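Source: prediction; values computed, not measured. All residue numbers refer to positions in the sequence shown, counting from 1.
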Amino acid sequence: GLVGTGSADRTLKLFDLKMGLSKPISVMNCTDAVFCGEVLGDLAIAGCGDGNILAFDLNKGGECLYGYGADEVGALHCMKVLPDYSGLLTGGDSGQPLKIIFSGF
């Protein structure tokens, strides 16, 4: 029942569809415009215009846990969590796909 939106105002907003779309339940500040995102359990992951991937803890009010420079050329335009939840695939301005393997979670 949750939906997230990202925009050029450098925010990732999370809405509870049961409560409507008039007020987000969480607003997370990002390093640049948000081009893509995924929700992975208690994490919201944003792909930004500056090539960063940011991970936010939804249990802690959207606190940013970490960031990762995924594209040195520019924006991340797409990302997808792997079907077995072992990692993340990204694509951005560099034209080089990136596979990030989750470990230690």
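Of the residues listed (L54, D50, N52), the one engaging D32 in a side-chain contact (heavy atoms from CB on, under 4.5 Å) is D50, and it is the only one.
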Intermediate values then yes/no, side chain to side chain contact (heavy atoms under 4.5 Å, CB included), I45 and M79: CA-CA 9 Å; I45 304 170; M79 67 172 62; 3.8 Å; yes
I101 and K99: CA distance, side-chain angles, deciding distance, side chain to side chain contact (heavy atoms under 4.5 Å, CB included) verdict: CA-CA 6 Å; I101 301 298; K99 182 177 181 181; 3.4 Å; yes
Test log, rule side chain to side chain contact (heavy atoms under 4.5 Å, CB included), inputs C78 and K80: CA-CA 7 Å; C78 59; K80 184 67 177 163; over 6 Å; no
From CA spacing to verdict: side chain to side chain contact (heavy atoms under 4.5 Å, CB included), V34, T5: CA-CA 8 Å; V34 178; T5 65; over 6 Å; no
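Both L2 and M19 are assigned to one and the same hydrophobic cluster, defined by single-linkage of ILVMFWY side chains at heavy-atom distances under 4.5 Å. F56 is not connected to V27 by any chain of hydrophobic side-chain contacts under 4.5 Å among Ile, Leu, Val, Met, Phe, Trp and Tyr, and they are in different clusters. Tracing side-chain contacts under 4.5 Å through hydrophobic residues (I, L, V, M, F, W, Y), one never reaches Y85 starting from L89; they form parts of separate clusters. The hydrophobic clustering, which links ILVMFWY residues whose side-chain heavy atoms are closer than 4.5 Å, places L76 and L98 together.
The minimum heavy-atom distance linking M28 with G62 is given by the pair CG-O, 3.4 Å. For A33 against A8, the heavy-atom pair with the smallest separation is CB-CA, 3.6 Å. Here the shortest heavy-atom pairing between L12 and A46 reads CD2-CB, 4.0 Å. Residues P97 and G95 approach most closely at CD-O, 3.6 Å, considering heavy atoms.
For F35, the ring-ring contact (aromatic ring centres under 6.0 Å, His included) partners two or more places apart in sequence, or in a different chain, are H77. In this structure, the side chain to side chain donor-acceptor pair (under 3.5 Å) partners of S94, at least two apart in sequence or on a different chain, are D71. Partners of N29 under the side chain to side chain donor-acceptor pair (under 3.5 Å) rule, at least two apart in sequence or in another chain, do not exist in this structure.
Counting Ile, Leu, Val, Met, Phe, Trp and Tyr side chains that sit under 4.5 Å apart, directly or through other members, L21 shares a hydrophobic cluster with V3, F15, L17.
Here CG of L14 is found 4.5 Å from CD1 of I25. Values are rounded to the nearest 0.5 Å.
Applying the side-chain hydrogen bond (donor to acceptor under 3.5 Å, both in side chains) test to pairs two or more places apart or on separate chains, those with a residue in residues 53-62 are D42-N59. Applying the salt bridge (charged side-chain N to carboxylate O under 4.0 Å, His left out) rule to pairs touching residues 13-30 yields D9-K13, sequence neighbours excluded.
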